[in-house]
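Remarks on the structure that follows.
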Amino acid sequence: MRVPHARRLGLICASVAVIAGSVIAGCAQQVTGNPTTDPAEVAAYKTEAAASSSAAASSRAAAARTKAIEDNCGQFPTTTGAGVTAYNDFVKAHDENAPDYAAKREAAAVALDTAATAVESGVAAAAGALPTELADKFTAYVVAARELSAETRKMTYSSAVGGLNDASRKINQARTEVQQACPRR
């Protein structure tokens with residue numbers, strides 16, 4: 001007994017399917033009349049579709065809010081911690097009249113500016129998804145960090161420290177308020 005080639009077998013199967021489909025299609029009857037809709041069902045469908053769309057939008061907004069909070073609160077301690085460390089190194093160099101005082105002063109100012117820019121960029125990237133109260137606290141930190149950076153750059157060995165101390169208190173308060181507003185991990 002001879003086995004047909006795969007191509008020949010495929011052609012035979014395709015031909016049988018076309019013939020069977022033609023026979024079945026020829027036996028169908030056309031339905032006469034005009035299509036109509038039930039107004040109550042249409043209204044119910046539209047209401048359900050609107051509710052579903054609203055729920056999806058609400059879900060997307062909640063997810064964006066959660067992500068914005070996690071992203072901004074998650075990076076805040078690390079980002080601002082570098083500024084705290086550099087500033088503390090500067091204060092120590094100032095108090096000890098250290099020879100690397102000027103370098104530490106500039107490093108502290110740069111670290112504070114860098115932290116302010118990173119926090120500001122995070123808030124901007126959240127594009128309004130952050131709760132307003134939390135976004136305001138991040139913005140207050142940014143302002144305080146830039147103020148402390150400016151005061152730090154003004155310092156010399158003989159400068160009065162009143163402005164620097166005031167700016168330091170403001171940034172500490174702003175940083176604490178952000179950390180208290182962020183969810184605990």
Side-chain angles (χ1 to χ4, degrees), residues 44-96 98 100-185:
Y45 172 79
K46 285 181 179 180
T47 300
E48 186 177 318
S52 178
S53 176
S54 176
S58 177
S59 179
R60 280 191 300 275
R65 177 185 171 112
T66 298
K67 182 174 179 353
I69 291 170
E70 287 175 356
D71 289 351
N72 283 278
C73 289
Q75 60 88 25
F76 187 78
T78 305
T79 300
T80 62
V84 169
T85 300
Y87 178 76
N88 288 340
D89 289 347
F90 156 68
V91 169
K92 183 178 178 188
H94 181 271
D95 292 347
E96 295 174 354
D100 61 348
Y101 168 80
K104 297 241 177 173
R105 176 184 61 210
E106 185 59 23
V110 167
L112 289 165
D113 286 336
T114 300
T117 299
V119 171
E120 185 176 53
S121 296
V123 171
L130 276 173
T132 303
E133 183 180 324
L134 186 55
D136 290 347
K137 290 182 186 314
F138 281 120
T139 301
Y141 170 82
V142 169
V143 170
R146 290 193 173 131
E147 184 179 327
L148 182 57
S149 172
E151 288 297 324
T152 299
R153 283 195 168 97
K154 294 179 190 175
M155 290 302 296
T156 65
Y157 283 121
S158 59
S159 296
V161 296
L164 185 70
N165 288 339
D166 288 343
S168 179
R169 276 190 289 280
K170 285 180 188 176
I171 196 172
N172 285 337
Q173 180 180 353
R175 190 168 189 261
T176 298
E177 287 180 8
V178 168
Q179 290 171 329
Q180 288 174 344
C182 284
R184 303 282 180 237
R185 294 186 168 237

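Considering all non-hydrogen atoms of both residues, Arg105 and Met155 come closest at NH1-O, 2.6 Å. Here the closest heavy-atom approach between residue Phe90 and residue Lys104 is recorded as CB-O, 3.6 Å. Closest approach of Asp100 and Ala93 over heavy atoms only: OD1-CB, 4.2 Å. Between Ala118 and Thr79, the shortest heavy-atom distance links the atoms CB-CG2, 3.4 Å. Nearest heavy atoms, Ala174 versus Ala144: CB-CB, 4.3 Å. When all heavy atoms of Ala86 and Ala107 are compared, the closest pair comes out as CB-O, 4.0 Å.
A salt bridge between Lys154 and Glu151 is present, with a side-chain N of the basic residue lying under 4.0 Å from a carboxylate O of the acidic one. Classification of Arg146 and Glu120 as a salt-bridged pair holds, one side-chain N sitting under 4.0 Å from a carboxylate O. Salt-bridge check for Arg169 with Asp166: passed, with a basic side-chain N closer than 4.0 Å to an acidic carboxylate O.
Residues His94 and Val161 have side chains in contact (heavy-atom distance under 4.5 Å, counting atoms from C-beta outward). In this structure, the side chains of Arg175 and Phe76 come closer than 4.5 Å at one or more pairs of heavy atoms. Put simply, the side chain of Cys73 reaches to within 4.5 Å of the side chain of Leu134, judged on heavy atoms. Using a 4.5 Å heavy-atom cutoff, the side chains of Glu106 and Val110 are in contact. Within the 4.5 Å cutoff, no side-chain heavy atoms of Val84 are placed close to those of Leu112.
Tyr141 OH to Thr80 OG1: the interatomic distance, rounded to the nearest 0.5 Å, is 5.0 Å. Between atom CG of residue Leu164 and atom OH of residue Tyr87 there is a gap of 3.5 Å, rounded to the nearest 0.5 Å. Note that the CD1 atom of Ile69 and the SG atom of Cys182 stand 8.0 Å from one another [nearest 0.5 Å]. The CD atom of Glu177 lies 9.5 Å from the CD atom of Glu133; values are rounded to the nearest 0.5 Å.
Side-chain atoms of Ser159 come within 3.5 Å of backbone N or O of Thr156 as a donor-acceptor pair. A side-chain donor-acceptor contact under 3.5 Å links Thr117 to the backbone of Asp113.
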Could you walk me through whether Ser149 and Thr152 satisfy the side-chain hydrogen bond (donor to acceptor under 3.5 Å, both in side chains) test, starting with their C-alpha distance in whole Å, then the side-chain angles of each, then the deciding distance to 0.1 Å, before giving a yes or no? CA-CA 5 Å; Ser149 172; Thr152 299; over 6 Å; no
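For CD of Glu96, the number of neighbouring non-hydrogen atoms (other residues, nucleotides, ligands) closer than 6.0 Å is greater than 12.
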